[in-house]
Amino acid sequence: MSFCVAIDGPAGAGKSTIARKLAEKMGMIYVDTGAMYRAMALFMLEEGIGQEDTEAMSSRCKEADITIRYENGEQTVYLNNRNVNSLIRTEEVSNMASISSPQPNVRKKLVSLQKELARNADVVMDGRDIGTCVLPDADVKIYLTASSAVRAKRRYDEFVEKGIACDFDKIEQDIIERDNRDMTREESPLRQAEDAVLVDSSDMSVEEVMETIMKICREKKRGI
Ligand code: DC
């Protein structure tokens, strides 16, 4: 039986940082499901499918063969046999992913791939619907969140560090809009699973969040 940890929460809550570290510490595999939705969005963009053309998104998603490989311990996403890791973090892809990920056929395809990954290995999986839909029987479920102001500040600091000009209020507004889209969509909306532990990282350091979640995982493993 594999041991699975599900981490859900809104954009910018620190899910991927925590999930990656946790997987490393616990000798598990980190599965970033957002990257799969991003690869699918890249496919839509490259095929010239418009943001309004949900019918094409739904019918053509079957042409996108998305696979995950692990190279030097890092998740690499392949789209039709091409490594697309370096192409999926742009704003254009973020926006398209937010629009194409609610499409039922897109979700059906990627959720089944995610379930398959968890059947074969101990995984820490992060996303929006992992505890509620992909891994309803996960051993540990965490709902990781932080206030929109704190999440915007983290994003703002990242941009500043990279020397990219940006506007704090615009970043926070984008975050609020994306939360709203993720939480109110019909298909697998973002919500805390009933049996998930809420971790609000607004006033916590990465180390404190890690400590909290590691403790929950250790207790679960020991059967406490
Ligand atoms: O976490 P992220 O920003 O990389 O996610 C990209 C998009 O995919 C975002 O709009 C939310 C969506 N997503 C989803 O619908 N379900 C998941 N399990 C993971 C991401």
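Counting starts at 1 for both ligands and their atoms, following the listed order.
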Straight-line distance of Arg154 CZ to Phe159 CZ, nearest 0.5 Å: 15.0 Å
Surrounding CG of Asp157 (heavy atoms of other residues, nucleotides or ligands, distance under 6.0 Å), is the total greater than 12? yes
Is any NZ, NE, NH1 or NH2 atom of the basic residue among [X] and [Y] found under 4.0 Å from an Asp or Glu carboxylate oxygen of the other?
X: Arg151; Y: Asp179; result: yes
X: Glu46; Y: Arg82; result: yes
X: Asp32; Y: Arg89; result: yes
X: Glu63; Y: Arg60; result: yes

Shortest protein contact, [atom] (heavy atom only):
atom: atom 12 (C) of ligand 1; answer: Ser101 OG, 3.6 Å
atom: atom 7 (C) of ligand 1; answer: Ala97 CB, 3.8 Å
atom: atom 5 (O) of ligand 1; answer: Gly34 CA, 3.6 Å
atom: atom 1 (O) of ligand 1; answer: Arg128 NH1, 3.0 Å

I'd like to know if the side chain of Ser94 pairs up with that of Arg38 as donor and acceptor (distance under 3.5 Å, no hydrogens or angles considered).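 Yes, a side-chain donor-acceptor pair sits under 3.5 Å.
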Donor-acceptor side-chain pairing of Tyr30 and Asp126 below 3.5 angstrom: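 Note: Tyr30 and Asp126 side chains meet the donor-acceptor criterion.
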Got an N/O contact under 3.5 Å between [X] and ligand 1?
X: Arg107; result: yes
X: Tyr37; result: no
X: Thr33; result: yes

Given that the side chain starts at C-beta and the backbone is N, CA, C, O, which of these parts of [X] lies under 4.0 Å from ligand 1, counting heavy atoms, or is it both or neither?
X: Met36; answer: neither
X: Lys15; answer: neither
X: Ser98; answer: both

With a cutoff of 4.0 Å, is Arg185 in contact with ligand 1, counting heavy atoms of the residue only? yes
If the contact criterion is a heavy-atom separation under 4.0 Å, does Arg181 count as touching ligand 1? no
Tell me, please, whether Phe3 has Lys221 positioned over its six-membered ring: NZ or CZ under 6.0 Å from the ring centre and within 45 degrees of its axis? yes
Against heavy atoms of Arg38, which atoms of ligand 1 measure under 4.0 Å?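 So the atoms of ligand 1 that pass are 2 (P), 3 (O), 4 (O), 6 (C).
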